[in-house]
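Working notes, beginning with the structure itself.
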Amino acid sequence: MKILLPDNSELELPDGASGLDAARAIGPKLAEQAVLVKVDGEARDLRAPLADGDRIQLLTTRDKDDPDALAVLRHSSAHLLAEAVRRLYPGVKIAIGPPIENGFYYDFDFREPIREEDLERIEAEIAKELKEGRSWERSEISREEAKERFAAEDEPYKVELVDTAEGDISLYTQSHAEGDDFTDLCRGPHLQNSKPIKALKLTHLAGAYWRGDSTKPQLTRIYGTAFYAKEDLDAYLERLERARSRDHRRLGPQLDLFHMSEYSPGAALWTARGMAIYNALEDLRRRENARRGYSEVKTPLMWDVELWKRSGHWEKYGDNLFRIEHGDSLYGLKPMNCPGHMLLFNTQLRSYRDLPIRYAEAAVLHRDEPTGSLQGLTRARQFSQDDAHVFCTEEQIQEEIDAMFDYVDFLYDTFGVRELAHAELATRPDNKLGTDEQWDHTEGVLKAALDRIGLPYRIAAGEGAFYGPKIDFFMDDALGRPWQMGTIQLDGQQPERLGCTYMGADNREHTPYVIHRALFGSLERFIGILLEHYGGALPFWLSPVQVRVLPVGEGHLDSARTLALRLSEAGYRTEVAEPSETIGKRIRAAELEKIPVTIVYGDKESDESLAVRERGGEQSELSFSSLLERLATL
RNA sequence: GCCGGAGUAGCUCAGCUGGUAGAGCAACGCCCUUGUAAGGCGUGGGCCGUCGGUUCGAGUCCGACCUCCGGCUCCA
């Protein structure tokens, strides 16, 4: 058979030859260093047979940064971990151990719980394995054989995995000179041997439900990471450390933007500085909403739970509702604005001529999230969404959605966060309402809009609500964890439950469509992500303190105050740092506080000549009027 | 909610096997009178997360709870 190489040359191999055979045919060195073969771009085990006409690329230990090459190394590392744990903890049951984004994990069912300090012991055991060396052999067996084998080994999780696995069953046997085999059910691919694993570290311990199902037993997950070079591990750990210093939960209190209190978990205490950011978002929201035809409304924070029963939220989210007893009735703090907006819509008889009606409200919302899931501003119990509900006819849906995408596009550019964002389009579920033609149409509208603004997106097939598709916008935090931000959802259900109607041109009552949308998502979460993205050094227009004037000595205090006042009048958030400390120290403080512009004012300065320093250290000498020009460009 | 880790001054952290709590930064006072990332000297500051237990004696040992961190589940 013929195999195609990356340079388009052909390689003649006997039928059934593997990637490793191909490597051997090219050269012994390549065969030794090969870790993985990509067949038409897809990662495969070196030992798996190739087919005639396959286009292959061999990855070696030199492709140390290739994600697929790293995944193989880490997958094999997970198996070393499993072997070590089995030796140290007889009777432990093993579950599953895949590579993940920055490393790998393996799930175990320990007879006795283990603790973080046990990781050291396990790591030492793996180091021993690495010293002895391990090699991996692949074998294919029948489903029945595999089940028998793992049943005999008393590995119930493996038996279940065999039962639910798709395709052929393969095993990997890991062995060394003196034997001591460990054979694991595994699809692969794996390394040839453990030599390329130059750095391996177990990082942490966590509970994880078997098959991700909270009704199933919780296993102990050991996380680790591994690299082709020691330096790469060091660089990774350093990168992690740097990412931690961008954590908004650290930056917020440090920059005195907001604080948290254990007396109100999941709710922020905003300082005046933090409010400068919060209000900048609010101002923008109000201005743009007005420009784009939204009407700002305000609906109650607290509603009789009868409303939530009627809207359908009680059944699904009742547990997450904060409740307040009042006489004989029970109230709930609103977790969302929709029912309120629908009641407002219902206060008048609506004509098709009134539509679309766009209600906007950034009210405080409360959701009783599980304690273990709270996370600073990004997962809070109290937050505000830049929420809006657009009541419209079916014909108006497309135009409304297009307008929302323009709005998102505008926001992401304004805040400089486009590069962090991606979207997910959730399409028709099995229990959908309406015809396939209708779904083709609505999904098509959303897809076209996504393509138009050029945001990367993936399709979550079947994950839409039964009444309509939805789009969720995501952004990554400093540690690369994705957070749901904005959302655009078409709702053909709630309006009906709450009795929303309008009179159509046909003189008959119709139920309007409602498009729910939040574009920032939660304002709190958005600020959290912004802080992490900018490492606290926010763009000038968002900075809580934009300019700080530093009088050199007491004698310059009055001039400094006058200058600051004039800048405040020009619309800039300005303050004066009293001359109680040296200039050097005050400059340093301003840098640490990430203040974008500082002006030193002493004997040499005047309206004609101001000593302006920008964040980072760049200095210039500007007149007052050219300073204003400069600030306007920031 | 579940698994693991942690909670000591405003912040960052030290405090070995139980014997009345300590540093740096910050704050405050005085001196210096400042020129682009830390001037000097001094002072004050602690329910050692909360509650309970063991002990002559608990920051330290035990238990429960609360909060935070890393995950899991969940996230309208």
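Residue numbering restarts at 1 for every chain, and letters A, B, ... go by the order of the sequence lines. All values below were derived from every heavy atom in this structure, side-chain atoms included, with hydrogens, water molecules and symmetry-related copies excluded.
For the pair A:H313/A:Q494, a side-chain contact is recorded, criterion being any heavy-atom separation below 4.5 Å from C-beta on.
If you run salt bridge (charged side-chain N to carboxylate O under 4.0 Å, His left out) between A:R613 and each of A:E621, A:E591, A:E618, only A:E591 comes through. The residue from A:K334, A:K298, A:R285 that alone fulfils the salt bridge (charged side-chain N to carboxylate O under 4.0 Å, His left out) condition with A:E361 is A:K334. Looking at A:L631, A:T598, A:V612 one by one, the single match for side chain to side chain contact (heavy atoms under 4.5 Å, CB included) with A:V547 turns out to be A:L631.
A:E116 comes within contact range of the sugar-phosphate backbone alone, with a heavy-atom separation under 4.0 Å but no base atom that close. Within the 4.0 angstrom heavy-atom criterion, only backbone atoms of the sugar-phosphate kind lie near A:L374; the bases stay farther away.
For the P atoms, the distance linking B:C13 with B:C30 amounts to 33 Å, nearest Å. B:C48 and B:G71: their C1' atoms are spaced 29 Å apart (whole Å). B:G39 sits 14 Å from B:G35 when the C1' atoms are compared, rounded to a whole Å. Across the C1' atoms, B:U73 and B:C28 are found 50 Å apart, a figure rounded to whole Å. Distance check on atom P: B:G46 versus B:U54 gives 30 Å, rounded to whole Å. Distance check on atom C1': B:C65 versus B:C25 gives 34 Å, rounded to whole Å. The P atoms of B:G59 and B:U67 are separated by 24 Å, rounded to the nearest whole Å. Taking atom C1' on both nucleotides, B:C56 is separated from B:U43 by 37 Å, rounded to a whole Å.
Ring centroids of A:H204 and A:Y223 are separated by less than 6.0 Å, placing the two rings close together.
With a cut-off of 3.5 Å on both pairing distances, the Watson-Crick and G-U wobble pairs of RNA chain B assemble into stems of 3 or more at B:1-7 with B:66-72, B:10-13 with B:22-25, B:27-31 with B:39-43, B:49-53 with B:61-65.
A salt bridge is defined here as a Lys NZ or Arg NE, NH1 or NH2 lying under 4.0 Å from an Asp or Glu carboxylate O, and A:R249 with A:D247 meets this definition.
Which of B:G1, B:C66, B:U36 sits closest to the side chain of A:T371 comes down to B:G1. Side chain of A:E581, nearest nucleotide from B:G35, B:A76, B:G39: B:G39. Comparing B:U36, B:A37, B:G5 against the side chain of A:E591 picks out B:A37 as the nearest. Residue A:R367 places its side chain closer to B:C75 than to any other of B:C75, B:A37, B:U67. Closest to the side chain of A:R249, from the set B:U34, B:C69, B:A76, is B:C69. Listed nucleotides: B:A38, B:C75, B:U34. Nearest to the side chain of A:K585: B:A38. With B:A76, B:A37, B:U34 as the choices, the nucleotide that has an atom nearest any side-chain atom of A:R588 turns out to be B:A37.
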Do any N or O atoms of the protein come closer than 3.5 Å to N or O atoms of nucleotides 71-74 of chain B, and which pairs are they?
{"unit_1": "B:G71", "atom_1": "OP2", "unit_2": "A:R481", "atom_2": "NH1", "d": "2.9"}
{"unit_1": "B:G71", "atom_1": "O3'", "unit_2": "A:Y223", "atom_2": "OH", "d": "3.2"}
{"unit_1": "B:G71", "atom_1": "O2'", "unit_2": "A:Y223", "atom_2": "OH", "d": "2.9"}
{"unit_1": "B:G71", "atom_1": "N2", "unit_2": "A:G207", "atom_2": "O", "d": "3.2"}
{"unit_1": "B:C72", "atom_1": "O4'", "unit_2": "A:G207", "atom_2": "O", "d": "3.1"}
{"unit_1": "B:C72", "atom_1": "O2'", "unit_2": "A:Y209", "atom_2": "N", "d": "3.0"}
{"unit_1": "B:U73", "atom_1": "O2'", "unit_2": "A:S214", "atom_2": "OG", "d": "3.1"}
{"unit_1": "B:C74", "atom_1": "O2", "unit_2": "A:R379", "atom_2": "NH2", "d": "2.8"}
{"unit_1": "B:C74", "atom_1": "N3", "unit_2": "A:R379", "atom_2": "NH1", "d": "3.0"}

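Contact annotation: A:R613 reaches the phosphate of B:A37 (side-chain N/O to OP1 or OP2, under 4.0 Å).
Ring geometry for A:H75 against A:H79 counts as perpendicular: the plane angle is over 60°, on a 0 to 90° scale with 30° as the lower cut.
To the nearest angstrom, C1' of B:C28 lies 15 Å from CD of A:E578.
Minimum heavy-atom separation, A:S543 to A:R573: O-NH2, 2.8 Å.
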Name every donor-acceptor pair, under 3.5 Å, that has one atom in a side chain of residues 95-106 of chain A and the other anywhere in the protein, sequence neighbours excluded.
{"unit_1": "A:Y106", "atom_1": "OH", "unit_2": "A:K158", "atom_2": "NZ", "d": "3.1"}
{"unit_1": "A:Y106", "atom_1": "OH", "unit_2": "A:D184", "atom_2": "OD2", "d": "2.5"}

